[in-house]
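Reviewing the structure listed below.
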Number of protein chains: 2
Amino acid sequence: MSWEGQTNMPNLTDCIEEYIKKLLALSTERYIEIQRRELASKFACVPSQINYVLERRFSLERGYLVESRRGGGGWIRIYRIHQGHVQPWREVINSINGRVFEPAKTRQLLKRMHEEKIISMREARLLEAVIRDRVYDSYGMSREQVRKLQHKLFSEAMEELLKVGY
Amino acid sequence: MSWEGQTNMPNLTDCIEEYIKKLLALSTERYIEIQRRELASKFACVPSQINYVLERRFSLERGYLVESRRGGGGWIRIYRIHQGHVQPWREVINSINGRVFEPAKTRQLLKRMHEEKIISMREARLLEAVIRDRVYDSYGMSREQVRKLQHKLFSEAMEELLKVGY
DNA sequence: TTATATCTGACCTTCTCTGACCATAATAAT
DNA sequence: ATTATTATGGTCAGAGAAGGTCAGATATAA
């Protein structure tokens, strides 16, 4: 499988990501196995670049699981998590609110969910509007109450999406 | 100078705007992709000039949507947005103004908007969740305040959809 | 003149990529 | 068996390569 000569290949990370995703698509297994050193040499980069790609593009949040073993004959396995595509997101959403709801972090989350095609751009913008601080002015709520209500509305609305699926 | 009286001397912003619009016209995609640095150097200006043009001439209000990514191999994507037959609905929604917000009637409206393909089913459900009475319990708001806030949230969220178009 | 629009430059944030150094497993040597 | 060597993969700090923001200077319009 060649990657050289492709046009519109902006950077190494994108190339490697695409390559791995092709492998996964072609594989009949639930996972693929690579060798870090080998892959790095295929793309003419330092081995740690592979770790970077795995961290950025094949994280749990993005629906992948990575296992590895060091030493002679070591390997890296990359699983695609098919089942329950949305369940991990439920967990991320729950974990994001420690004690108090944080709109800024939630906006980041929405961005990522859109990148991952879990929600559409319109849905992301809609949810952003729902957690916009300005909207909650002048209803006699304390800061704390606003955060709680934002969280409640966000959770209820998001659950609606996760429940239905695409 | 003689040319001053002839016609408005186009400024940098106009030139860049025109250039981008040509690219969009020639593109077969729904969007075009540029590099800020590269475009700036083509027009011999500072990169932030590009941001200025995008902000002024390619805003949502004008029917464009801009996405970007930083870092090595970064890019800026400019989408042309189609706002179809959305204005009448905006007016319907505004006409809710003045009176007391009525969740039941609004649910009807959502249903119709979905039938008319103005919004998706997921979006309708999302908005339904936002105006669900139960959600607003126990935040120390009066009935009247809840209605006002529901209305506010609904309008803001819906406007987000109408603004973007499909 | 005053208000608005344009343009620049300094500084910031995010994403990518490398290289030095660390940890672990298999294998060879003792 | 124990130890040394070799072959993997992991981590982290820092350089580099984009794009973003904002205050202020300059130009244009009212």
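The model shown is predicted, which means the values in this text are computed figures rather than measured ones.
Backbone-only contact: R37(A) has heavy atoms under 4.0 Å from sugar-phosphate atoms and none from a base. Nucleic acid contact class of G71(B) (heavy atoms, under 4.0 Å, all strands): base. N11(B) comes within 4.0 angstrom of sugar-phosphate atoms only, judged by non-hydrogen atoms across all strands, and of no base.
Side-chain atoms of S95(B) come within 3.5 Å of backbone atoms of V92(B) as a donor-acceptor pair (strictly under, hydrogens ignored). Checking side-chain atoms of S155(B) against main-chain N and O of H151(B) turns up a donor-acceptor pair under 3.5 Å.
Nucleotides of DNA chain C that come within less than 4.0 Å of any heavy atom of chain B span, from the 5' end to the 3' end, dA5(C) to dT16(C).
Under the 6.0 Å cut-off for aromatic ring centres, Y19(A) and F43(A) qualify, their centroids lying closer than that.
One interatomic measurement links the two molecules: CG of N51(B) to P of dG20(D), which rounds to 5 Å at whole-angstrom precision. Rounded to an integer number of Å, the gap from CG of D14(A) to P of dA17(D) is 17 Å. Following rounding to the nearest Å, Q49(B) (CD) and dT21(D) (C1') show an atom-to-atom distance of 14 Å. Taking atom CZ on R56(B) and atom P on dT21(D), their separation rounds to 16 Å, with Å as the unit. Between R69(A) atom CZ and dG9(D) atom P there is a gap of 12 Å when expressed in whole angstrom units. The CZ-C1' distance, from R70(A) to dA7(D), rounds to 13 Å in whole Å. Atom CH2 in W75(B) sits roughly 16 Å away from atom C1' in dA17(D) (whole-Å rounding). Summarising the geometry, the separation between CD1 on I50(A) and C1' on dT11(D) is reported as 15 Å, rounded to the nearest angstrom.
For the atom pair E33(B) CD and L23(B) CG, the distance stands at 12.0 Å (nearest 0.5 Å). Distance check, rounded to the nearest 0.5 Å: CE of M141(A) to CD of Q150(A) gives 8.5 Å.
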Pull out every protein N or O sitting under 3.5 Å from an N or O of nucleotides 12-14 of chain D, one pair per line with the distance.
none

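Taking the centre and axis of the six-membered ring of Y79(A), the NZ or CZ atom of R30(A) falls outside the cone set by 45° and 6.0 Å.
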Inset, instruction - Take F101(B) and I131(B), measure what side-chain contact (heavy atoms from CB on, under 4.5 Å) needs, and give me the verdict at the end. - result: CA-CA 10 Å; F101(B) 184 73; I131(B) 59 172; 3.8 Å; yes
Determine all donor-acceptor pairs shorter than 3.5 Å in which one atom belongs to a side chain in residues 46-58 of chain B; sequence neighbours excluded.
from: Q49(B); atom 1: NE2; to: T13(B); atom 2: OG1; distance (Å): 3.1
from: N51(B); atom 1: OD1; to: R36(B); atom 2: NH1; distance (Å): 2.6
from: R57(B); atom 1: NH1; to: D14(B); atom 2: OD1; distance (Å): 2.7
from: R57(B); atom 1: NH1; to: E17(B); atom 2: OE1; distance (Å): 2.6
from: R57(B); atom 1: NH2; to: D14(B); atom 2: OD1; distance (Å): 3.4

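The residue among V53(B) and G72(B) whose nearest nucleotide of DNA chain C lies closer to the 5′ end is V53(B).
A donor atom on one side chain and an acceptor atom on the other are found under 3.5 Å apart for Y64(B) and R80(B).
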